[in-house]
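These notes are about the structure you will find just below.
Letters go in sequence order (proteins before strands), and every chain restarts at 1.
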Amino acid sequence: MPEGPQVARYARLQNDRLSGRRVRIDSPSGRSDDVAEVFDGETVIGVEAVGKHLLYDFGERRYLHVHLGRFGRFVEGPMPEPELRGIVRLRLRTNDQWYELRGATAVDVYETDDLRRLKARIGPNPLDPRARPKAVYDFVAQSDAPIGMLLMDQAVIAGVGNIYRCEVLFLNRIHPKQPGSTIAAPVWRAVWRDLRRLMVHNAVDGRIVTTAPADRAHHGAVRASERLYVYHRAGLPCRHCGAIIREGMMGGRRIFWCPKDQPEPRRRARA
DNA sequence: CTATGATGGAAAC
DNA sequence: TTTCCCTCATAGC
């Protein structure tokens, strides 16, 4: 279940393994037979992530486009392939490695124009070292939309999902309902810095950890129960102040915050 | 066994 | 704003 960094990680690992390799592709579930047929037996030129999208360049201006949605994931391993289990949307294999794609929202053929349009509608990605926070802030600072909505809008900022939005707002003591226009520039820079730091780490590590060592009771390997500050912790005490973490809905998704560290906004004041 | 929900997004209303 | 799709683990009969 991926946010941007896990997708970036898949792209990097698969790019290393698949670039320059001929791949056999089929769709055991039958759901993407048409797409499998287009690329079966072709050679991968490269694999890249664009926000939460994956693009496999097969040359001749054609790409395999995959969006994992909320449930999508890859399972992989060395040849030979395991017996099929459950629903496999797409199966890719080289001489020595196999991949199973399950649960994806989108599996299609992209042409150059589709890719150009995709890139045009996706905002700057904190994972991209060339992306500048100011470009995003210029939009955020003139928006009345709640910051909790803006952070999830892929057209504004790419790769951020529900966990990062909750966690980065906690880290910066911002209530999710606070309008973008009330976020001061230095606060936004700190938000961006945190997003980048956490997302880069996650893209390497493959899992999301936002807690500082000082806020964890156990040392050494990070326990699953101590990875996050607020996400999925409704009813539990805040690791920072002990107040009970709250839960609500925003943008059709559950959102979590600490009522004491992230007080409800009262008035608007441009910084 | 069925119901539910989970790191997403687009299309339909 | 709601509905639908994607898959699968888990909770509850």
Next item on the list: Could you give the distance separating B/dC1 and C/dC6 at their P atoms, to the nearest angstrom?
Entry: 22 Å
Check: To the nearest Å, how far apart are A/Arg117 CZ and B/dG9 P?
Finding: 18 Å
Margin query: Please report the distance, rounded to the nearest Å, between CZ in A/Arg253 and P in B/dA6.
Written below: 9 Å
Notebook entry, point to check: Does a side-chain N or O from A/Arg254 land closer than 4.0 Å to OP1 or OP2 of B/dG8, or not?
Noted result: no
Checklist line | Closest non-hydrogen atom pair, A/Leu55 against A/Val50 | finding: CD2-CG2, 3.9 Å
Next item on the list: Determine: side-chain N/O of A/Gln154 to OP1/OP2 of B/dG8, distance under 4.0 Å, yes or no.
Entry: no
Notebook entry, point to check: A/Tyr164 OH to B/dG8 C1': how many Å, rounded?
Noted result: 15 Å
Notebook entry, point to check: Roughly how many Å is it from CZ in A/Phe71 to P in C/dC4, rounded to a whole number?
Noted result: 14 Å
Check: Which listed nucleotide (B/dG8, B/dA6, C/dC5) is nearest to the side chain of A/Arg70?
Finding: B/dG8
Note to self: With a 4.0 Å limit, can you tell me whether A/His67 has a side-chain N or O closer than that to the phosphate oxygens OP1/OP2 of B/dG9?
What the structure shows: yes
Item checked: A/Ile163 CD1 to B/dA6 C1', straight-line distance once rounded to whole Å -> 9 Å
Notebook entry, point to check: If you measure from the C1' atom in B/dA10 to the same atom in C/dC8, how many Å do you get, rounded?
Noted result: 22 Å
Notebook entry, point to check: Is A/Tyr110 close to A/Leu118 at the side-chain level, that is, under 4.5 Å between some pair of heavy atoms?
Noted result: yes
Notebook entry, point to check: Separation of A/Asn162 atom CG from B/dG9 atom P, in whole Å?
Noted result: 11 Å
Margin query: Quick check on salt bridge (charged side-chain N to carboxylate O under 4.0 Å, His left out): which of A/Arg91, A/Arg24, A/Arg22 does A/Asp40 satisfy it with?
Written below: A/Arg24
Margin query: Tell me the interatomic distance from A/Leu68, atom CG, to B/dA6, atom C1', rounded to whole angstroms.
Written below: 14 Å
Item checked: Any A/Arg102 side-chain N or O less than 4.0 Å from OP1/OP2 of C/dC6 -> no
Margin query: Distance criterion of 3.5 Å, no angle test: do you see the side chain of A/Thr105 paired donor-to-acceptor with the base of B/dG8?
Written below: yes
Note to self: Which residue in the set A/Tyr164, A/Phe170, A/Phe256, A/Trp257 passes ring-ring contact (aromatic ring centres under 6.0 Å, His included) when paired with A/Tyr229?
What the structure shows: A/Phe170
Next item on the list: Between B/dG5 and C/dC13, how far apart are the P atoms? Round to whole Å, please.
Entry: 14 Å
Note to self: Can you identify which nucleotide, out of B/dA10, C/dT7, B/dG8, has its nearest atom closest to the A/Arg121 side chain?
What the structure shows: B/dA10
Check: Are the side chains of A/Arg21 and A/Asn95 in touch, meaning some heavy atoms are under 4.5 Å apart?
Finding: yes
Next item on the list: Choose from C/dC6, B/dG8, C/dC8 the nucleotide whose nearest atom is closest to any side-chain atom of A/Arg89.
Entry: C/dC6
Check: Between A/Leu101 (CG) and C/dC5 (P), how many Å, whole number?
Finding: 19 Å
Margin query: As a test of reading the structure: which of B/dG8, C/dT7, B/dA6 is closest to the side chain of A/Lys52, going by heavy atoms?
Written below: B/dG8
